Amino acid sequence: MAPTGTGSHFDQAALQRRQALQGSAGPAALVRNARVFGIACFACLGGLLYGYNQGVFSGVLTMHSFSNHMDEYVLNQTKKGWLTSILELGAWAGTLYAGFLAEIISRKYAILVNTAIFIIGVVIQSTAIVAGPSSILAGRFITGMGVGALSMIVPMYNAECAPPEVRGALVGLQQLAITTGIMISFWIDYGTNFIGGTGASQKDAAWMIPLCLQLVPALLLGAGMIFMPFSPRWLEHHGRSAEARQTLASLRGLPQDHELIELEYMEIRAQSLFEKRTVAEHFPKLADGSATSTIKLQFVACASLFKSKPMLRRVALATITMFFQQWTGINAILYYAPQIFKNLGLSSNTISLLATGVVGIVMWVATFPAVAYVDKLGRKPILIAGAIGMATCHMIVAVIVAKDQHSWLSHGAAGWAAVAMVWLFVFHFGYSWGPCAWIVIAEIWPLSQRPYGIAIGASSNWMNNFIVGQVTPDMIEHLTYGTYIFFGVLTFMGAAFIYFFFPETKGLSLEEMDTLFGSVGVAAADAERMREITKEVGLDDMVQRGSVSAQGGNGPSYLNEKLAGAEHKDAEDSE
């Protein structure tokens, strides 16, 4: 069964106190947190880039004028797979460096850097009329680096800015942005396909315009991100405590002396102190705060993911969840939807592009319930329901294709039934594994390991995404209906994995994930260290007595005194 994890009396008291102050989850909670909701929406332009890039190429691949420039890279199924999946290979590379970048220069600046990398990749692709397949391959690889890095940094940024009661919704916005990008790209492909006609007279603008339009959201993200706040958790962990507390209060729209701000900030502060003191004890030579030590500590943090059972459990959860997300076959649909719909009996490229456009709308609509209710219903039941729904759709399509694949002209209704099952499959993915898989890998890590943990989960996503993109053309050609059986079986296995091994995370703070996974208090020394820190910063007093301001202090002044004492102790310990 999934590990449930029970915290100490203090952990439960802190959780109950915060829940009483913050109110219930659901759509109303988004209204109460309008500022952080708006910031998350803007940051999710990174997800829009991801989704648009995923979706746009499926339509471009089928355009007559594009084929004229790509030669055998469109005619040969294996080379077509490379032309498509090179983006995912670049994205995998992007996830490997993104964690380091996000920790060293901040989540905010890492988003800016990778937006610039994305723009460079698009510019290279725009030379394809002259340079041919080489510019598409190089441009998509570089664009993929930016997309892959943004796919892990944006959910991390949103998770660290969000209060617990809306964290799932705000991280889930990433998937809504992705589906928005996919939907827009499908319909742009459908529209530009008519430029100059759909046959030999088709203009190069038919596919060049969809590719170059990727620059619009990228430029908006790059310009706007300059004005976005830093993550308060990153600020605190890098010694900018006053700015962290000020940013936290601004994000919540509350004064700094509000009890909820004080409680949440103290939890962040305590977790950061715990991790810094643990590093100082185990790696004293790297505790001086220098740039060199910071870089070395990144490798230490990466290695620590594999040195304890609780952390290995998180690594397994993130990587296996992303494995099953990709092997649902979702990106086989997104990358090759026009080809799939033609194989299901839709007669022309125009009709198959139209059916592909419906895929984008269905996925976009399905994501809204997840954003609104994932924090109320929980991650686990949504993931299980979605997996069962997707697997069932795969099996139905397999039966239809096995029966009628050689006689679609006389079985038009069966072809449209299979298309409807593909649409229903996309709907199930849109509300479940699309958003929830990213929510899980963004929220389960300790502060110091979060960038690297998310990077590992995202790298699993992109490597499996690359493999799916590479093998799907050959699978469709040689396995035919067996392709759907293969994806269906794996998706049923994904439902079983979630049922038996996934711990529910709704409503917990990022700091309480350590309790859920058994990382805090595993060793007596760690437990004692955490008890000392919670006393130093006044967190246990606040939980037990209700409010910092009721303790004989005056709100922020009392809090400042407590935190100054903790900082003074850190300074003494490092000498």
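Just so you know, these numbers come straight off a predicted model, no measurement behind them. We use all heavy atoms of the structure for the numbers below, so side chains are in, but hydrogens, waters and symmetry mates are not.
Judged as a ring-ring contact (aromatic ring centres under 6.0 Å, His included), and not counting sequence neighbours, Tyr97 has no contacts. Checked against ring-ring contact (aromatic ring centres under 6.0 Å, His included), His394 has the following partners two or more places apart in sequence or in another chain: Phe425, Phe487. The side chain to side chain donor-acceptor pair (under 3.5 Å) search around Ser106 returns none, not counting sequence neighbours. Annotation: side chain to side chain contact (heavy atoms under 4.5 Å, CB included) contacts of Ser459 (sequence neighbours excluded): Trp92, Thr95, Leu96. Residues that satisfy the ring-ring contact (aromatic ring centres under 6.0 Å, His included) test with Phe141, not counting sequence neighbours, are absent from this structure. For Tyr431, the ring-ring contact (aromatic ring centres under 6.0 Å, His included) test picks out Phe427, His428, with sequence neighbours left out.
Side chain of Trp234 to main chain of Glu103: a donor-acceptor pair is present (N/O by atom type, distance under 3.5 Å, no hydrogens or angles). At least one donor-acceptor pair closer than 3.5 Å links the side chain of Lys380 to the backbone N or O of Tyr499. Although no hydrogens or angles enter the test, the distance criterion places no donor-acceptor pair under 3.5 Å between the side chain of Lys108 and the main chain of Pro229. Judged purely by atom type and a 3.5 angstrom limit, Arg140 has no side-chain atom pairing as donor or acceptor with the backbone of Ile86. No donor-acceptor pair closer than 3.5 Å links the side chain of Thr483 to the backbone N or O of Leu479. Using modelled atom types, no side-chain atom of Arg107 and backbone atom of Ile153 make a donor-acceptor pair closer than 3.5 Å. Under the 3.5 Å distance criterion, the side-chain polar atoms of Asn464 are matched with a main-chain donor or acceptor of Ser460. Remark: the backbone N or O of Asn461 is not paired with any side-chain donor or acceptor of Asn465 at under 3.5 angstrom. Of the possible donor and acceptor atoms, one in the side chain of Thr179 sits under 3.5 Å from a partner among the backbone N and O of Leu176.
Side chains of Ser272 and Glu236: no donor on one and acceptor on the other come within 3.5 Å. With hydrogens and angles left out, the side-chain atoms of His237 and Gln271 include no donor and acceptor closer than 3.5 Å. In the model, Ser151 has a side-chain atom that pairs as donor or acceptor with a side-chain atom of Trp462 under 3.5 Å.
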Determine whether Phe497 and Ile320 satisfy the following criterion, side chain to side chain contact (heavy atoms under 4.5 Å, CB included), listing intermediate values before the conclusion. CA-CA 9 Å; Phe497 170 76; Ile320 297 175; 3.6 Å; yes
Evaluate Ile456 against Phe306 for side chain to side chain contact (heavy atoms under 4.5 Å, CB included), listing each step before the verdict. CA-CA 11 Å; Ile456 285 176; Phe306 302 92; 3.7 Å; yes
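Taking the side chain as every heavy atom from C-beta outward, Phe42 and Met228 approach each other to under 4.5 Å. You'll find the side chain of Asn53 reaches within 4.5 Å of the side chain of Phe118, heavy atoms only. For the pair Asn158/Cys44, a side-chain contact is recorded, criterion being any heavy-atom separation below 4.5 Å from C-beta on. The shortest side-chain heavy-atom distance between Val537 and Tyr265 does not fall under the 4.5 Å cut-off. In this structure, the side chains of Glu443 and Arg379 come closer than 4.5 Å at one or more pairs of heavy atoms. Residues Trp327 and Met493 fail the side-chain proximity criterion, which asks for heavy atoms closer than 4.5 Å.
Atoms OG1 and CE, on Thr491 and Met390 in that order, are 5.5 Å from each other to the nearest 0.5 Å. In this structure, CE on Met266 lies 13.5 Å from CD1 on Ile533, to the nearest 0.5 angstrom. One finds the CG atom of Leu150 at 6.5 Å from the CG atom of Leu49 (value rounded to the nearest 0.5 Å). For the atom pair Leu251 CG and Ile39 CD1, the distance stands at 5.0 Å (nearest 0.5 Å). Here the straight-line distance linking atom CD1 of Ile498 with atom CG of Leu383 works out to 4.5 Å at 0.5 Å rounding.
A ring-centre distance under 6.0 Å is found for Phe466 and Trp82.
Salt-bridge annotation for Glu536 and Arg277: present, with a side-chain N of the basic residue lying under 4.0 Å from a carboxylate O of the acidic one.
Using the six-membered ring where Trp is involved, Trp433 and Phe324 have ring planes that are perpendicular, over 60° apart on the 30 and 60° scheme.
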